[in-house]
Amino acid sequence: MITLAIESSCDETSIAVVRNGREVLSNRISSQIELHKKFGGVVPEVASRKHIETIDYILDDALNEANITLNNIDNIAVTYGPGLVGALLVGLSYGKALAYALDKPLIGVNHIEGHINANFIEYPDLEPPFICLIVSGGHSHLVYIKDYGQYEILGRTRDDAAGEAFDKIARAMKLGYPGGPIIDKLAMKGNKYAIDFPRAYLEEESFDFSFSGLKSAVLNYLHNQKQKNLDIVVEDVAASFQQSVIEVLVNKTIRAAKLKNSNIIAIAGGVAANEGLRNLMKEKANKEGIELKYPSKILCTDNAAMIGCAGYYDYINGRTSDLDLNAVPNLKLGDK
Ligand code: KG4
Ligand code: ZN
């Protein structure tokens, strides 16, 4: 089965061709990062316009690389939420038009499910159940994956998403956008115990996250150092901030795996590209005899291949969409 997959929920225009859910024949990604850099974050209207300009070319590239034509496609998977409404509408309208013209099934895909499914592409033999930590620019979820498309949400962020915290701290330190990869690199050169930033574990039993207190603590620290004319060692701030984020993410994820008796943990989303998170999670998981899975970096950040994989499992489980499907900017995990 050949799935054509489309992703345009934020600042990447991406189209992929995926065979039988897990074999990626092409995964073309056009990132708008350079365009948004000067604004320090994604400008929704600019993003929508750029998706429109780019999407035709990305489709041609994806078909050429996969060495197929539109006639070889069996179904069309497209992200319909969550994300920026204008950006989502570009990919969704494009997908609907293709589905109508080719008379093929349309599958509306939840972007967060896509991130989870990136692990199925990376590991062809990976099967549910397992614990998955999804950490991206817009979402932080701790989920028990019971089966394909079946989730028990154990925890989520109560305020900022993990990636959002990285981006905001980088912005406050004038490091550039997106902040995650920049802080990740700086952190490697810094002392992670230099500054004692808070760890937000919340209630003892809780699997929820909160990053706004940490964000305020870092902003206060920067402000105080400046007022007292003291040096700010950027590498140390980056390393100490990152350590606060990842310690909480790792400890809660390990606790969730133990609770569910799961010997597999997967991580997903843009922040799953973080070296510090990967290393600490691996170390702690190994100690507990738990196996850690994570997608290669290109599959961690937004891409259409993961949408194709999620769409495939939706399709074989009988979940397709009508052509009146609308974009749902605040779509939740588990919503269909
Ligand atoms: O999954 P993604 O591409 O988009 C969303 O669905 O939000 O995630 C983007 C987020 C950004 O906040 C970015 O700063 C963060 O992922 N990110 C990282 C790293 N690479 C990307 N955060 C920490 N370390 C990284 N290496
Ligand atoms: Zn994403």
Side-chain angles (χ1 to χ4, degrees), residues 3-18 24-66 70 73 75-102 104 106-115 117-118 136-139 161 163-164 167 177-178 180-181 269-270 298-311 321 323-331:
T3 301
L4 182 80
I6 305 168
E7 157 63 39
S8 72
S9 66
C10 191
D11 60 346
E12 267 90 26
T13 320
S14 180
I15 297 190
V17 178
V18 178
V24 179
L25 302 184
S26 64
N27 186 22
R28 304 300 291 206
I29 304 164
S30 170
S31 172
Q32 303 177 359
I33 284 179
E34 288 305 318
L35 194 64
H36 298 287
K37 251 184 189 163
K38 59 176 174 285
F39 304 107
V42 178
V43 183
E45 181 60 26
V46 175
S48 314
R49 287 176 190 218
K50 195 67 189 170
H51 284 309
I52 292 176
E53 283 174 23
T54 316
I55 199 160
D56 271 334
Y57 302 104
I58 298 294
L59 175 66
D60 286 346
D61 287 352
L63 293 174
N64 287 339
E65 192 186 327
L70 285 175
I73 287 162
N75 49 35
I76 292 156
V78 57
T79 306
Y80 75 106
L84 303 168
V85 70
L88 286 166
L89 280 170
V90 176
L92 179 58
S93 310
Y94 203 80
K96 289 203 280 190
L98 281 172
Y100 182 62
L102 299 170
K104 296 290 178 191
L106 176 78
I107 313 153
V109 174
N110 182 316
H111 179 83
I112 310 173
E113 285 197 45
H115 276 301
N117 282 48
S136 71
H139 331 278
E164 196 179 351
D167 294 340
Y177 175 84
I298 198 70
L299 290 173
C300 283
T301 43
D302 290 348
N303 68 88
M306 67 185 196
I307 303 302
C309 180
S321 308
L323 287 177
D324 63 357
L325 180 68
N326 205 350
V328 184
N330 58 356
L331 186 70

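This chain uses plain numbering: 1 for the first residue, then up along the sequence.
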Electrostatic pair R49-E53, nearest N-O below 4.0 angstrom: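 Salt bridge flag = no for E53 with R49.
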
Would you compute the distance between atom [atom1] of [X] and atom [atom2] of [Y] and round it to the nearest 0.5 angstrom?
{"X": "L98", "Y": "K104", "atom1": "CG", "atom2": "NZ", "answer": "12.5 Å"}
{"X": "E113", "Y": "C309", "atom1": "CD", "atom2": "SG", "answer": "10.5 Å"}
{"X": "I15", "Y": "N27", "atom1": "CD1", "atom2": "CG", "answer": "10.5 Å"}
{"X": "L92", "Y": "L323", "atom1": "CG", "atom2": "CG", "answer": "9.5 Å"}
{"X": "T79", "Y": "H111", "atom1": "OG1", "atom2": "NE2", "answer": "6.5 Å"}
{"X": "E12", "Y": "K50", "atom1": "CD", "atom2": "NZ", "answer": "13.5 Å"}

Nearest heavy-atom pair of [X] and [Y]: which atoms, and what distance?
{"X": "H115", "Y": "S136", "answer": "NE2-CB, 4.3 Å"}
{"X": "A47", "Y": "V42", "answer": "CB-CG1, 4.1 Å"}
{"X": "A87", "Y": "C10", "answer": "CB-O, 3.9 Å"}
{"X": "A16", "Y": "A305", "answer": "CB-N, 3.4 Å"}
{"X": "A327", "Y": "V85", "answer": "CB-CG2, 4.3 Å"}
{"X": "A161", "Y": "G137", "answer": "CB-O, 3.5 Å"}

Test side-chain contact (heavy atoms from CB on, under 4.5 Å) applied to T13 and V90, step by step: CA-CA 10 Å; T13 320; V90 176; over 6 Å; no

Within-4.5 Å side-chain heavy-atom neighbours: [X] and [Y]:
{"X": "L102", "Y": "I76", "result": "yes"}
{"X": "L84", "Y": "S8", "result": "no"}
{"X": "I6", "Y": "I55", "result": "yes"}
{"X": "E65", "Y": "L25", "result": "no"}

Chi angles and distances behind the side-chain hydrogen bond (donor to acceptor under 3.5 Å, both in side chains) call for Q32, S30: CA-CA 7 Å; Q32 303 177 359; S30 170; over 6 Å; no

Exceeds 12 heavy-atom contacts within 6.0 angstrom, atom CD1 of I298: no

Answer yes or no: is there a donor N or O on one side and an acceptor on the other, between the side chain of [X] and the main chain of [Y], under 3.5 Å?
{"X": "S9", "Y": "L88", "answer": "no"}
{"X": "N326", "Y": "D324", "answer": "no"}
{"X": "S14", "Y": "A304", "answer": "yes"}
{"X": "S26", "Y": "A62", "answer": "yes"}
{"X": "K96", "Y": "L325", "answer": "yes"}

Residues L106, Y100; criterion side-chain contact (heavy atoms from CB on, under 4.5 Å); working and verdict: CA-CA 9 Å; L106 176 78; Y100 182 62; over 6 Å; no

side-chain contact (heavy atoms from CB on, under 4.5 Å) evaluation trace for D56 with Y94: CA-CA 9 Å; D56 271 334; Y94 203 80; 2.6 Å; yes

Worked check of side-chain contact (heavy atoms from CB on, under 4.5 Å) between L63 and L4: CA-CA 9 Å; L63 293 174; L4 182 80; 4.2 Å; yes

